[in-house]
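Report on one structure; see the data block that follows.
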There are 2 protein chains.
Amino acid sequence: MRGRAAEELTARARIRDAALREFAEHGVNGATIRGIARAAGVSPGLVQHHFGSKEALRRACDEYAVETLKRTKLEGLSGGLGSPGYSAAALDAVLPLQRYLARALVDGSPGAAELFDDAVAASKEMLGGDVPGLSRPKTADPHAYAVVMTGLSFGLTVIHEHMSRALGTDMLGAEGYARMARAMLDIITDDILAPDLVVQLRATLDRMLAESTGPRIPTSDAAARKADSDPPA
Amino acid sequence: MRGRAAEELTARARIRDAALREFAEHGVNGATIRGIARAAGVSPGLVQHHFGSKEALRRACDEYAVETLKRTKLEGLSGGLGSPGYSAAALDAVLPLQRYLARALVDGSPGAAELFDDAVAASKEMLGGDVPGLSRPKTADPHAYAVVMTGLSFGLTVIHEHMSRALGTDMLGAEGYARMARAMLDIITDDILAPDLVVQLRATLDRMLAESTGPRIPTSDAAARKADSDPPA
DNA sequence: TTGCACATTGAACGCTTGTATTGGATAATC
DNA sequence: GATTATCCAATACAAGCGTTCAATGTGCAA
């Protein structure tokens, strides 16, 4: 049962892998059981036999992707975009799952949403805690800070197709990933915005927030207090 | 023909608007002509009559969205996330289109890809030119810099559903948008990464790039030269 | 060998889809 | 006022979908 060669997997696993690929490429609605069966080299009936229904197959893919990604993230460094913890081997294993996740995030899968929320919580904890090399961000809205931080990372993955096209390299590969991470590092590190423009923008946004929300999400302290009162995990 | 009230549009426009909504919500494959017709309050046959086929309807939505978004972007400030040029009125008009675009980016529409590439070119031009308040970024790979910059913005829009859930506010609304933009501003402005960590990360990424690409995308100068040789528009 | 449980297949069914067609209502034109 | 064009609804139909099911192949215990 263990140590099988990559091409001698059980039919169930082959179907799951094919489904991950087909779901990632065509979306949940676009992928068909017949197409998945063809990609897995089995008959459509066998897919039904092993997973019962298309929705159950999707759930199985979801659970597998979530579990594997969580485990891989734990094994590597828990850092964000520029983490050196991605060994090439782990990257290969995770790659198809990330493609699937990218689609699932848009197609509305529960697993993808869970993964996103977990990442927000992890980001929040990391930003709030004392991580070496990371200073606590100065922000009036730590929650939004963590959400945006996570969203930036996930969002890039979701549009990896366009990123790859514009970059000329597959973003979900070692080279493209490194190139993107370095640019990301440049963006975070450099201060491209002039200080006076920053204060002007911030004033505009604060005014927008004051206008649209009334007392709900005030400009400075209350927002921070509210975010701090949220459960950190 | 002109000055019609919002609810007295021609049937063709009503169908198009409904299609934009349905495509945005269920994806291109998930949306059905019957569903679009129901949403527009017309018969399915009328959709066929006006647009010929589902694919043609999609193309019409694409063109309309691209043209309207381009025009709106031109009217407002050509800036990125924190631009104060988004008046509330323009925002309302653009909102459904952005939802559609978010889906179209993943479903693989030509218009969305065009919009993305245009944004990359615009970002590149802006970063390379002399925009007041914007300093030219210090990066070895200006092209990747512009691509990532654009991808960050587009990616956030694509996962707006998850952003809104995590934020507790609709991201594609005035309040959520402002809250997100402010957090984005905090992220770009603050230097959360310690300088020594930055150089370490950069060294790791440079090594990854040197390993994976060989002489194609070197660490420093050649990449910059290559990117500069690309057409700026 | 026999019996049995499981893996696997391929055909069939019901349903929804996109599309084509027919026909009627309404308004403009002569 | 008849005719024509345009707008619209309803129906019909072929294709593809997820799903079901009976039949066949396969490996293991008795």
Test your reading of the model: is there a side-chain donor-acceptor pair from B:His143 to the backbone of A:Ala166, 3.5 Å cut-off? yes
5'-most to 3'-most nt of DNA chain D touching chain A (<4.0 Å, heavy-atom partner on protein side) reads D:dC17 to D:dT20
Between the side chain of B:Ser164 and the main-chain N/O of B:Met171, is any donor-acceptor distance below 3.5 Å? yes
Output for pair (A:Leu105 CG, A:Tyr100 OH), nearest 0.5 Å, gives 10.0 Å
Taking the six-membered ring of B:Tyr177, is NZ or CZ of B:Arg182 closer than 6.0 Å to its centre and within 45° of its axis? no
Rounded distance in Å - CG (A:Leu46) to C1' (C:dC6): 11 Å
Contacting residues from residues 16-44 of chain A, given that a heavy atom lies under 4.0 angstrom of DNA chain C: A:Arg34, A:Val42, A:Ser43
Looking at CZ of B:Arg99 and CG of B:Leu95, how far apart are the two atoms once the value is rounded to the nearest 0.5 Å? 5.0 Å
How close or far is atom C1' of C:dT17 from atom CD of B:Gln48, stated in whole angstroms? 11 Å
Nearest 0.5 Å please: distance from the CD atom of B:Glu161 over to the CD atom of B:Glu25. 9.0 Å
Is the cationic atom of A:Arg103 (NZ for Lys, CZ for Arg) positioned less than 6.0 Å from the six-membered ring centroid of A:Phe23 and within 45 degrees of its normal? no
For the student: nearest non-hydrogen atoms of A:Ile15 and A:Ala40, plus distance: CA-CB, 3.9 Å
Just the rounded figure in Å: distance from C1' of C:dA25 to NE2 of B:His49. 14 Å
Sugar-phosphate, base or nothing in reach of A:His50, heavy atoms under 4.0 Å: sugar-phosphate
